[in-house]
Number of protein chains: 2
Amino acid sequence: MQSSGSSRPNATEQAYQAIRKNILTGKLEEGERLTETRLSDDLGLSRTPIREAIGRLVLEGFIERQSGYTTRVAHFPEDEAEQIYEIRRLMECYSVQRAARLATEEDIAELRRINAAMKADTPPRDEAANQRLTEANEAFHRAIVAAARSPRLTALMTTALDVSMVVRTYSMYSEKDLMRSLNHHAEIIDAIEARAPKWAASVMSAHLLAGASRVAARMQHSKSVADQ
Amino acid sequence: MQSSGSSRPNATEQAYQAIRKNILTGKLEEGERLTETRLSDDLGLSRTPIREAIGRLVLEGFIERQSGYTTRVAHFPEDEAEQIYEIRRLMECYSVQRAARLATEEDIAELRRINAAMKADTPPRDEAANQRLTEANEAFHRAIVAAARSPRLTALMTTALDVSMVVRTYSMYSEKDLMRSLNHHAEIIDAIEARAPKWAASVMSAHLLAGASRVAARMQHSKSVADQ
DNA sequence: CTGTTTTATTTCGCATACAAAATAGGCGTC
DNA sequence: GACGCCTATTTTGTATGCGAAATAAAACAG
């Protein structure tokens with residue numbers, strides 16, 4: 001069982017993660033022009049993995065090819081987070097409906113396992129626990145999509161969920177929010193097990209709208225703080 | 001004004017289109033193992049553009065990386081087309097709602113222009129006209145997404161719409177279907193212009209459900225023929 | 001000084017070379 | 001005859017070189 005921990009990631013993955021992180025943290029500013037050679041120098045990698053990483057980031061919408069040889073960090077609109085949550089809501093409600101029809105016993109067991117792990121970390125004692133919670137939450141949503149048995153959906157959600165990290169910065173759960181999330185997860189699993197697609201979809205919808213609302217509040221807060 | 005016609009596509013694009021086409025037409029069978037060298041030899045290109053094309057196709061779900069050095073043509077489920085239409089329906093209904101709020105006069109003019117071009121080709125006299133219709137239809141849907149002003153959505157729909165070519169094989173419009181499609185398009189534009197998101201979304205929903213139904217019928221037909 | 005053309009430099013796309021990792025095949029053992 | 005181990009081959013990941021295209025800079029005209 002190879003842990004998800006990073007023993008030695010290959011250069012392409014390393015480049016992808018690094019560039020992405022630098023975009024999300026603002027080290028690479030919006031609209032900034034990128035050149036393969038500079039990134040290659042900065043990251044200490046050759047151009048090949050850089051190229052591959054850029055290609056992926058372009059497809060995911062983090063980077064824009066302008067014309068010919070000009071490549072820029074994409075511009076992120078104000079309501080980016082809101083949009084992502086809405087798109088995720090649409091796709092995940094569909095996923096969970098399929099999952100309710102198609103999930104196997106193993107899928108359901110996996111979901112329960114993830115949720116149990118999250119419960120064990122609640123409330124989170126330290127930063128590490130928080131990190132684990134975030135990852136487990138993502139794993140939960142991925143597992144739902146996987147249970148939907150739709151490669152197409154999986155492909156789309158891969159980018160959509162990856163993208164949702166944009167939002168992650170803002171999402172430090174309060175204990176109340178966290179409990180609600182766990183209850184949502186548990187109810188979703190129950191609905192899947194009961195083979196009740198609409199029930200599952202409704203809870204999922206609530207789950208993501210709650211998340212969107214939480215994020216919106218945070219952003220509002222951080223904005224009003226910044227304005228002073 | 002450089003026409004969308006292919007004067008001289010670069011090698012990566014060429015590789016992408018070729019591999020994709022070979023997958024969709026079945027020349028590369030589902031589950032077949034792919035090696036960069038073989039594709040490189042077959043297409044007469046070096047490995048670099050092949051690699052890039054493969055990376056893209058993996059992200060879009062046409063190709064699967066299994067473990068280590070094994071890469072296979074993905075397996076497409078029976079109801080692939082149905083799933084694609086459903087996913088498109090969800091995303092495009094959302095798009096068109098945003099478009100109804102955010103579209104500029106230019107966006108709307110562009111939509112009308114595309115629809116007029118389609119009308120001019122109706123009924124299609126020859127295969128070229130049919131081809132133009134297919135492309136214009138795709139352009140219409142892309143224009144809607146563009147008018148929604150959501151880079152994230154654009155990124156996701158790029159792959160989703162590209163993917164919809166899977167379905168294209170089956171979609172030879174009858175004149176009745178084509179007229180209905182054009183009317184749907186026209187009504188969608190009107191709804192956008194009237195700034196009526198829900199109206200627009202409803203028509204779009206009908207539009208795509210009609211399309212899904214048409215495709216389902218064709219598949220049923222071609223299947224029953226094949227069974228004999 | 002502004003706008004345009006010409007030249008120089010940068011940047012990318014593609015080909016190729018090499019090393020590390022994975023697969024496949026052959027061998028011996030149980 | 002089936003299974004595991006070791007070796008040979010294949011395949012990928014990464015680095016690098018070169019030509020073409022695009023961008024930036026300089027020269028020039030108005």
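It should be emphasised that the depicted structure is a prediction, and the values quoted were computed from it without experimental measurement.
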Task: Set of side chain to side chain donor-acceptor pair (under 3.5 Å) partners for B:Ser95, sequence neighbours left out - done: none
TODO: Applying side chain to side chain contact (heavy atoms under 4.5 Å, CB included), name anything that partners B:Gln83, two or more places apart in sequence or on another chain.
DONE: A:Tyr94, A:Arg98, A:Ser150, B:Pro77, B:Asp79
Task: Set of side chain to side chain contact (heavy atoms under 4.5 Å, CB included) partners for B:Ala129, sequence neighbours left out - done: B:Asp121, B:Pro124, B:Asp126, B:Arg132
Task: Annotated protein contacts, base or backbone, on nucleotides 8-17 of chain C with a non-hydrogen cut-off under 4.0 Å, one of B, S, - each - done: ---BBBBBBB
Open item on the list: Whole angstroms only, please: what is the CG-P distance between B:Leu39 and D:dT11?
Closed with: 11 Å
Open item on the list: Below the 4.0 Å mark, does D:dT23 have OP1 or OP2 next to a side-chain nitrogen or oxygen of A:Ser67?
Closed with: yes
Task: Value in whole Å for how far the P atom of D:dT12 lies from CD1 of B:Ile63 - done: 11 Å
Please set out all donor-acceptor pairs under 3.5 angstrom arising from side-chain atoms of residues 28-36 of chain B, sequence neighbours excluded.
{"residue": "B:Glu30", "atom": "OE1", "partner": "B:His75", "partner atom": "ND1", "Å": "2.8"}
{"residue": "B:Glu30", "atom": "OE1", "partner": "B:Phe76", "partner atom": "N", "Å": "3.3"}
{"residue": "B:Glu32", "atom": "OE1", "partner": "B:Glu29", "partner atom": "N", "Å": "2.8"}
{"residue": "B:Glu32", "atom": "OE2", "partner": "B:Arg38", "partner atom": "NH2", "Å": "3.0"}
{"residue": "B:Arg33", "atom": "NH2", "partner": "B:Tyr69", "partner atom": "O", "Å": "3.3"}
{"residue": "B:Thr35", "atom": "OG1", "partner": "B:Arg38", "partner atom": "N", "Å": "3.3"}
{"residue": "B:Glu36", "atom": "OE1", "partner": "B:Arg47", "partner atom": "NE", "Å": "2.9"}
{"residue": "B:Glu36", "atom": "OE1", "partner": "B:Arg47", "partner atom": "NH2", "Å": "2.9"}
{"residue": "B:Glu36", "atom": "OE2", "partner": "B:Arg51", "partner atom": "NH1", "Å": "2.8"}

Task: Contacts of type side chain to side chain contact (heavy atoms under 4.5 Å, CB included), residue B:Ala11, not counting sequence neighbours - done: B:Leu45, B:Pro49
